Amino acid sequence: HAKREGGGRVVTYHPTMQEAAMASMQARLQLTAAIQNEEFELFYQPLVDMRDWSIFGMEALIRWNHPTRGLLFPGDFIKLAEESGHIVSIGQWVIKRGCRDMAALHAAAGKKLLMSLNVSSKQLDVPTFFSELVEVLEETKIDPTWLQLEITESIFLTDAARVGKLFEDIRALGVQIAFDDFGTGYSSLSYIGKYPIDTLKLDQSFVKNMSKSPINAEIVQFVINIAAAAKMKVTAEGVEEEEQRRQLVSYGCILAQGFLFSKGIPLIEMIELLARREALTPKPVDKPANPG
Ligand code: C2E
Ligand code: MG
Ligand code: MG
Ligand code: MG
């Protein structure tokens, strides 16, 4: 089919457009099935004290065991899930699963550990978010002070008064709030002090470029200093190299996650790791082999 528009432009319905629509439709149906068939899994990446490599917690990272495509990462499906609305039930599952896993993780470690869960702004927009969180806390009987919700800047695009109230309510439960991917948004700084936030998660792009560009190293120090002044913690993301770890510690940054310590691993592996009761040791990050 072709339709002539004003100005003589011809708009054709190209087969690839139909294919794309079909693929997207199919992906949506697969997301619905994935929720029903429990195809999602939480991997856990250790949160580490960079001074002694001890584990103080973990971030839950969702994976999709797709029936035909294999193990999928969030980059393959979270955006679609947010557009289709599936993120609401997926996110609800993440909170339940993460809180349920806490008991086994704490038992393995012989101590309490921070459980950090990613929450999409689309989830927070749902009016029942808070009451459902309370329900999960009651069901799992976890200590809420060891639970952290990671939110991104996009939440602040919605009603500021409502977000402020919601954050106050969440923190009144004892649950902590972390500002994820800090520094990548348009006006991250303007939210500091305005909302109750416990931790800034410094985006990995800053850590990555720290040694390459002096200005990035300045930005990292700036964020660490701002956080200290506002009595917030900082977690550095994407620490891959010993030099980055050393540099961050010299700036006064203590907490981090990154492939230098460990990537995200399945629950069972995390339990085994914690049960060994040892600090982590350096993990070589995929790099071309050193010649000679
Ligand atoms: P994020 O919350 O910033 O999570 C950190 C991401 O960086 C993870 O990717 C992790 O594997 C990766 N990462 C950690 N250390 C390093 C490192 O040293 N080097 C490099 N190159 N990467 C590192 P992942 O698991 O693919 O997750 C990507 C994003 O998907 C997350 O970014 C988060 O925004 C989102 N996501 C993950 N799980 C969930 C979830 O349960 N719900 C929602 N709504 N979003 C999630
Ligand atoms: Mg995160
Ligand atoms: Mg992050
Ligand atoms: Mg990130």
Side-chain angles (χ1 to χ4, degrees), residues 31 34-35 39-48 50 55 57-65 71-101 114-126 129 136 147-155 176-185 188 197-210 223 233-245 248 255-267 270 280 282-287:
L31 275 175
I35 296 166
E39 289 165 7
F40 295 108
E41 181 176 354
L42 291 184
F43 275 36
Y44 290 103
Q45 183 178 34
L47 298 167
V48 174
M50 285 193 280
I55 300 171
M58 62 274 310
E59 177 177 3
L61 299 166
I62 196 167
R63 304 290 182 254
W64 180 4
N65 293 299
L71 187 70
L72 298 186
F73 282 62
D76 298 320
F77 63 90
I78 287 292
K79 196 167 167 281
L80 178 74
E82 285 181 336
E83 287 163 3
S84 66
H86 287 97
I87 194 67
V88 175
S89 44
I90 295 173
Q92 182 60 17
W93 176 85
V94 168
I95 294 178
K96 220 176 250 174
R97 187 71 266 156
C99 289
R100 284 181 183 162
D101 287 349
L114 187 69
M115 168 63 75
S116 202
L117 303 175
N118 291 287
V119 176
S120 161
S121 349
K122 293 264 157 35
Q123 268 175 276
L124 292 176
D125 284 342
V126 176
F129 176 84
V136 175
L147 180 64
Q148 172 169 277
L149 302 181
E150 299 192 5
I151 52 97
T152 57
E153 189 178 310
S154 53
I155 185 60
Q176 300 184 48
I177 294 175
F179 194 150
D180 205 355
D181 304 334
F182 185 78
T184 55
S188 302
I197 294 164
D198 301 275
T199 298
L200 299 181
K201 297 197 74 174
L202 182 65
D203 191 69
Q204 46 181 279
S205 56
F206 298 108
V207 175
K208 221 158 251 152
N209 297 317
M210 214 167 38
V223 171
K233 288 170 281 183
V234 176
T235 300
E237 297 192 289
V239 178
E240 294 188 350
E241 294 164 10
E242 168 57 20
E243 176 55 23
Q244 292 166 340
R245 185 197 68 84
L248 286 162
L255 312 176
Q257 65 193 91
F259 294 170
L260 175 67
F261 311 107
S262 170
K263 59 183 170 53
I265 51 180
L267 172 68
M270 191 54 154
L280 291 162
K283 293 275 170 307
V285 177
D286 286 336
K287 288 242 169 66

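Atoms within each ligand, like the ligands themselves, are counted from 1 in listed order. These figures come from a predicted structure and were not determined experimentally.
Atom CG of D198 and atom CD of Q148 lie 7.0 Å apart (nearest 0.5 Å). To the nearest 0.5 Å, atoms CG (L248) and OG1 (T235) are separated by 11.0 Å. Interatomic distance, CE of M270 versus CD1 of I55, reported as 5.0 Å (0.5 Å rounding). A distance of 4.0 Å separates CG in L31 from CH2 in W64, rounded to the nearest 0.5 Å. Residue M210 holds its CE atom at 8.5 Å from CG of L202, rounded to the nearest 0.5 Å. Atom OG1 of T184 sits about 12.5 Å away from atom NZ of K201, to the nearest 0.5 Å.
As for D180, its N/O/S atom nearest the Mg ion (ligand 3) is the one called OD1. Closest N/O/S atom of E59 to the Mg ion (ligand 2): OE2.
When heavy-atom distances to ligand 1 are checked against a 4.0 Å cut-off, D180 comes that close only through its side chain, counted from C-beta outward. With a 4.0 Å heavy-atom cut-off, ligand 1 is reached by the side chain of D181 but not by its N, CA, C or O. Within the 4.0 Å heavy-atom criterion, the part of R63 lying near ligand 1 is the side chain and not the backbone. Residue contacts with ligand 1 for E241 are absent, since no atom lies close enough (heavy atoms, distance under 4.0 Å).
For the 3.5 Å distance criterion, the side chains of E59 and S116 fail to qualify, holding no donor opposite an acceptor. Q176 and K233 are linked by a side-chain donor-acceptor pair at a separation below 3.5 angstrom, with hydrogens and angles left out of the test.
Of the candidates F259, F43, F261, the one placing a heavy atom closest to atom 22 (N) of ligand 1 is F259. Heavy-atom proximity to atom 27 (O) of ligand 1, evaluated over P74, P46, A60, is greatest for P74. Of the listed residues (K122, E237, E82, R97), the one carrying the non-hydrogen atom nearest atom 5 (C) of ligand 1 is E237.
Within the coordination shell of the Mg ion (ligand 2), defined by N, O or S atoms under 2.8 Å, D181 is absent. Residue contacts to the Mg ion (ligand 2): N118 brings an N, O or S atom closer than 2.8 Å. The Mg ion (ligand 3) has an N, O or S atom of E237 inside 2.8 Å of it. Here E150 does not reach the Mg ion (ligand 3): none of its N/O/S atoms is less than 2.8 Å from the metal.
Cation-pi check for R63 over F73 is met; the charged atom lies under 6.0 angstrom from the ring centroid and within 45 degrees of its normal.
Close contacts between ligand 1 and V94 involve ligand atoms 41 (O) [criterion: under 4.0 Å to a heavy atom]. Every atom of ligand 1 with a heavy atom of S120 under 4.0 Å away is listed here by number and element: 44 (N). Counting atoms of ligand 1 from 1 in the listed order, those under 4.0 Å from a heavy atom of K208 are 21 (N). In the vicinity of Q45, heavy-atom distances shorter than 4.0 Å reach the ligand 1 atoms 14 (C), 15 (N).
Remark: distances from the non-hydrogen atoms of K201 to ligand 1 are all 4.0 Å or more. At least one heavy atom of G238 sits less than 4.0 Å from an atom of ligand 1. Close to ligand 1: E59, with a non-hydrogen atom less than 4.0 angstrom away.
Considering both main-chain and side-chain atoms, Q204 comes within under 3.5 Å of ligand 1 through a nitrogen or oxygen pair. Between Q123 and ligand 1, no pair of N/O atoms sits closer than 3.5 Å. On a distance-only criterion, L260 and ligand 1 share no N/O pair closer than 3.5 Å. Of the N or O atoms in N118, one or more lie within a sub-3.5 Å distance of an N or O in ligand 1.
The closest donor-acceptor contact from the side chain of D203 to the backbone of E237 lies at 3.5 Å or more, if one exists at all.
Looking at N118, T199, I151 one by one, the single match for side chain to side chain contact (heavy atoms under 4.5 Å, CB included) with D180 turns out to be N118.
For the pair F77 and L72, the tightest heavy-atom approach, listed with the atom from each and the gap, is CE2-O, 3.7 Å.
Remark: K79 does not engage E82 in a salt bridge, criterion side-chain N to carboxylate O under 4.0 Å.
With sequence neighbours excluded, no residue satisfies salt bridge (charged side-chain N to carboxylate O under 4.0 Å, His left out) with E39.
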